[in-house]
Number of protein chains: 2
Amino acid sequence: MATLKDVARLAGVSASTVSRTLSGNIHVDEQTQQKVWAAIKELKYKPNILAKSLKEGRTNTVALIIPNIRNPIFPAVTRGAEDTARKNGFTLILCNTDEDLSVEKDYIDKLTNRWVDGFIFATARDDSSHIMELKSQGIPVVFMIRSIDNHSDTVTVDNRGGAYKAVDYLISRGCTRIAFINGPLDIDLYRQRLDGYKNALKEHGIPIDDRLIVNDVNDQDNGYHAMLNLLDKGIKMDAVFAASDPKAVNAIKAIKSRGLSVPGDISVIGFDDLDIATIVEPSLTTIAQPAYDIGTTAMDTLIRLIDGHQNAKPIVLDTHLVVRQSVR
Amino acid sequence: MATLKDVARLAGVSASTVSRTLSGNIHVDEQTQQKVWAAIKELKYKPNILAKSLKEGRTNTVALIIPNIRNPIFPAVTRGAEDTARKNGFTLILCNTDEDLSVEKDYIDKLTNRWVDGFIFATARDDSSHIMELKSQGIPVVFMIRSIDNHSDTVTVDNRGGAYKAVDYLISRGCTRIAFINGPLDIDLYRQRLDGYKNALKEHGIPIDDRLIVNDVNDQDNGYHAMLNLLDKGIKMDAVFAASDPKAVNAIKAIKSRGLSVPGDISVIGFDDLDIATIVEPSLTTIAQPAYDIGTTAMDTLIRLIDGHQNAKPIVLDTHLVVRQSVR
DNA sequence: CTGAAAGCGCTTACAG
DNA sequence: CTGAAAGCGCTTACAG
């Protein structure tokens with residue numbers, strides 16, 4: 001492949017001049033420019049980005065670390081992050097960890113070393129001290145969807161409020177025995193949704209029954225057996241709040257598999273508003289989060305950080321109720 | 001951040017020696033190594049991968065270009081590609097084009113310039129001459145899922161055979177008026193599936209009725225209105241073969257929306273075997289493709305290419321019928 | 001407006 | 001086994 005020097009030689013100028021006409025921010029004589037461009041075309045020259053980045057100390061590349069590419073919420077969020085990255089001249093590297101900490105650490109190791117200008121993490125858990133360490137080294141880091149504490153470079157949704165809305169809606173439809181299928185509590189958003197669930201019950205004077213709460217549902221089973229369990233124990237319930245749409249879909253499957261009907265016997269409400277919410281039957285009533293906007297906002301925040309600005313406050317986006325057929 | 005030189009200075013050795021103890025393939029005195037490692041630890045030194053790659057002319061990074069991250073077949077395939085990349089010490093950059101040629105060209109421009117050692121494309125169309133040009137420049141390129149001609153570095157599925165199986169099965173269940181909801185014909189796999197569809201009909205002596213064939217269904221609508229149209233025209237049919245699971249799901253939605261039942265009035269069969277096949281009601285009978293294996297095989301093929309080997313033949317993986325509830 | 005030179009942070013023949 | 005030097009392909013003060 002042709003290099004800067006090859007172009008310079010063919011055009012009869014110095015390497016500096018080629019570099020300058022390429023960058024465009026220093027004046028180069030018209031005549032000279034013509035010769036340079038001609039040489040570039042003839043040699044099909046493309047600058048070596050590695051060399052450029054090494055010199056400039058910046059790659060215009062950012063990494064987005066997601067925990068599970070097969071959970072559709074992440075592709076949805078990714079689209080927003082991608083579009084915003086592109087709009088600002090950044091390339092996005094997408095890394096999927098499958099919730100595996102060692103995979104995540106490998107990616108960080110590889111990418112930290114000047115490959116990328118910054119990170120967005122959608123993988124934070126309470127034990128993510130390795131990410132905090134990155135941050136403390138001065139590497140731009142933004143937390144998205146999940147966060148580990150209240151620092152400023154964070155884009156999340158109002159999980160407490162969203163969960164409250166879900167449960168409040170169920171209660172308004174006459175439900176009083178409301179089960180909660182929740183994710184692992186070492187992820188803050190599940191703690192927050194649990195809070196919202198409890199708050200709503202309390203405010204309506206409905207006692208909290210711990211037997212109705214299942215935390216720590218993992219990604220493999222994703223609520224199917226958790227729901228089956230609840231059903232088979234004979235615990236009375238008239239509704240289920242699932243902390244994500246995939247969990248809600250699995251809960252519906254489980255309920256049906258026991259010969260019960262949704263929402264006839266048990267109402268189900270989810271959290272996300274993914275495509276599957278309109279595929280499952282009955283279609284899923286759920287709390288919508290603005291996936292695309294989460295992505296764009298997180299990327300904007302990261303780019304500001306890379307450009308040396310400070311971000312004032314954590315950003316918390318709103319959720320809203322989408323009523324479909326799964327609540328009576 | 002600390003550099004090689006900083007480490008060398010602290011350890012009281014030359015940069016060469018640090019580099020050698022790091023690489024591990026040239027003998028360095030035990031004593032010296034100890035000093036070097038101590039310095040590395042103390043300074044928290046991490047090598048600058050940019051500089052390393054520039055020198056070595058290789059980044060151990062590969063790009064996977066996919067057309068639509070929200071179509072679950074691509075996340076599924078990506079997992080396989082990722083795992084194989086990691087196993088071989090490569091980092092995977094995932095790029096989503098949203099079927100937009102200009103986005104694709106931007107990615108190629110940026111990544112070709114030494115960012116990546118090779119590409120896997122799942123985006124090939126008949127007009128993808130820009131990809132062939134990459135190949136002709138000697139850059140390792142593998143086609144996956146979609147291909148543009150029969151060259152060796154290609155991992156696809158037996159689309160003709162798969163489509164044949166689908167239609168053959170419908171016929172075996174007594175269907176004779178079989179509609180076909182297909183994708184754009186400038187993508188080879190849809191031409192092949194069309195071939196398989198026609199072959200199966202011919203072999204069973206069933207006339208081909210062009211009014212039953214809808215090609216060029218795009219990703220936005222993805223079959224919903226195509227199906228509605230077919231229904232509203234009053235064209236008689238007892239089955240639908242959809243060229244992908246998302247299209248099949250949308251066809252089912254459309255059929256139901258007209259008050260007809262699946263499979264009572266119309267049987268539906270898909271192609272993919274994604275999670276949504278078990279979410280939709282009735283659960284979807286479909287032709288399964290080995291998504292994860294496609295990913296691993298494509299990545300293996302690319303890595304062989306990067307390592308300077310030739311790949312003998314195009315790889316064509318098999319499909320199989322998964323019977324569920326959507327065919328009577 | 002342009003060129004020669006230094007340097008980004010590595011690796012690797014070349015000597016010893 | 002180890003060091004000094006050259007070089008990967010760029011960019012950018014420094015001179016002129």
Side-chain angles (χ1 to χ4, degrees), chain A residues 1-37 39-40 43-61 89 109-117 137 139, chain B residues 1-37 39-40 43-61 89 109-117 137 139:
Chain A
M1 265 181 125
T3 75
L4 239 204
K5 274 189 187 168
D6 298 329
V7 175
R9 199 174 309 126
L10 182 62
V13 299
S14 75
S16 330
T17 299
V18 176
S19 179
R20 285 179 192 120
T21 80
L22 241 8
S23 84
N25 35 19
I26 287 185
H27 248 267
V28 175
D29 183 272
E30 265 304 322
Q31 299 267 331
T32 320
Q33 283 200 39
Q34 307 269 298
K35 287 187 294 180
V36 172
W37 284 117
I40 287 173
L43 295 174
K44 293 189 181 178
Y45 168 73
K46 301 212 173 178
N48 181 324
I49 304 245
L50 249 37
K52 188 176 153 83
S53 300
L54 176 59
K55 189 63 189 146
E56 293 181 338
R58 175 169 176 156
T59 61
N60 283 304
T61 305
D109 261 11
K110 189 140 189 185
L111 298 175
T112 305
N113 312 322
R114 312 290 185 174
W115 261 114
V116 299
D117 298 337
Q137 282 166 38
I139 293 168
Chain B
M1 263 179 126
T3 75
L4 237 204
K5 274 189 187 169
D6 298 328
V7 175
R9 198 173 308 126
L10 182 62
V13 299
S14 74
S16 330
T17 298
V18 177
S19 179
R20 284 180 193 119
T21 81
L22 241 9
S23 84
N25 35 19
I26 286 185
H27 247 267
V28 175
D29 182 272
E30 266 305 321
Q31 299 266 330
T32 321
Q33 283 201 40
Q34 307 269 296
K35 286 187 294 180
V36 172
W37 285 117
I40 287 174
L43 296 173
K44 291 189 182 179
Y45 168 72
K46 300 212 173 178
N48 180 326
I49 304 245
L50 249 36
K52 188 175 153 85
S53 299
L54 176 60
K55 188 65 187 144
E56 292 182 338
R58 174 170 176 156
T59 62
N60 283 303
T61 306
D109 261 12
K110 189 139 189 185
L111 298 174
T112 305
N113 311 322
R114 312 289 186 174
W115 262 113
V116 299
D117 299 337
Q137 283 167 39
I139 293 167

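None of the values given here were measured: they were computed from a predicted structure. All chains are named by letter (A, B, ...) in the order of the sequence lines, taking the proteins before the strands, and each is independently numbered beginning at 1.
- Counting to the nearest Å, the P atom of C/dC1 and the CD atom of A/Gln31 are 13 Å from each other.
- Nucleotides C/dG9 and C/dA13 are separated by 23 Å at their P atoms, to the nearest Å.
- For B/Thr17 and D/dG3, the shortest distance from a side-chain N or O to OP1 or OP2 is below 4.0 Å.
- Between the CD1 atom of A/Ile49 and the C1' atom of D/dT11 there is a distance of 14 Å, given to the nearest Å.
- Distances shorter than 4.0 Å separate none of the side-chain N or O atoms of B/Thr3 from OP1 or OP2 on C/dG9.
- Taking atom CG of B/Asp6 as the reference point, atom C1' of C/dG9 lies 10 Å away to the nearest angstrom.
- Residue A/Ser16 has its side chain nearest to C/dA4 when only C/dA4, C/dC10, C/dT2 are considered.
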> Can you list the steps and then say if B/Trp37 with B/Leu22 is a side-chain contact (heavy atoms from CB on, under 4.5 Å)?
Replying inline: CA-CA 9 Å; B/Trp37 285 117; B/Leu22 241 9; 3.8 Å; yes

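- Summarising the geometry, the separation between CZ on A/Arg9 and P on C/dT2 is reported as 20 Å, rounded to the nearest angstrom.
- Of the candidate nucleotides D/dG3, C/dC10, C/dC8, C/dC8 has the atom lying nearest to any side-chain atom of A/Leu54.
- In the set D/dT12, D/dG3, D/dC1, the nucleotide with an atom closest to the side chain of B/Asp29 is D/dC1.
- The side chain of A/Leu4 approaches D/dT11 more closely than any other nucleotide in the set C/dT11, D/dG9, D/dT11.
- Residues B/Leu54 and A/Asn48 are in side-chain contact: their nearest non-hydrogen atoms beyond the backbone lie under 4.5 Å apart.
- Atom CG in A/Leu22 sits roughly 15 Å away from atom P in D/dG9 (whole-Å rounding).
- Computed from coordinates, the B/Glu56 CD to D/dG7 C1' distance equals 14 Å when rounded to whole Å.
- In this structure, B/His27 atom NE2 and D/dC1 atom C1' are separated by 10 Å, rounded to whole Å.
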> How far apart are the C-alpha atoms of B/Val36 and B/Ile40, what are their side-chain angles, what is the distance that settles it, and do they pass the side-chain contact (heavy atoms from CB on, under 4.5 Å) test?
Replying inline: CA-CA 6 Å; B/Val36 172; B/Ile40 287 174; 3.8 Å; yes

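- The partner of C/dA4, taking Watson-Crick or G-U wobble pairs whose two distances both stay under 3.5 Å, does not exist in any strand shown.
- For the pair A/Leu43 CG and D/dG9 C1', the interatomic distance rounds to 15 Å; values are reported in whole Å.
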>> side-chain contact (heavy atoms from CB on, under 4.5 Å), that's the test. Do B/Thr17 and B/Val28 meet it? Break it down for me.
In response: CA-CA 7 Å; B/Thr17 298; B/Val28 175; 4.2 Å; yes

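- Residue A/Thr32 has a polar side-chain atom (N or O) positioned under 4.0 Å from OP1 or OP2 of C/dT2.
- In terms of heavy-atom proximity, B/Ala2 sits nearest to B/Tyr45 at O-CD1, 3.3 Å.
- Both A/Asn48 and B/Ile26 lie near DNA chain D, and the one whose nearest nucleotide falls closer to the 5' end is B/Ile26.
- Taking the P atom of each, D/dC1 and D/dA5 are spaced 23 Å apart, rounded to whole Å.
- Pair check for C/dA13 finds none; no Watson-Crick or G-U wobble contact set falls under 3.5 Å.
- Note: B/Arg58 CZ to B/Lys52 NZ = 10.5 Å, rounded to the nearest 0.5 Å.
- Nucleotides D/dA6 and D/dT2 are separated by 23 Å at their P atoms, to the nearest Å.
- Look at B/Ser19 and you'll find a side-chain N or O under 4.0 angstrom from OP1 or OP2 of C/dT11.
- Side-chain N/O atoms of B/Lys52 include one lying less than 4.0 angstrom from OP1 or OP2 on C/dT11.
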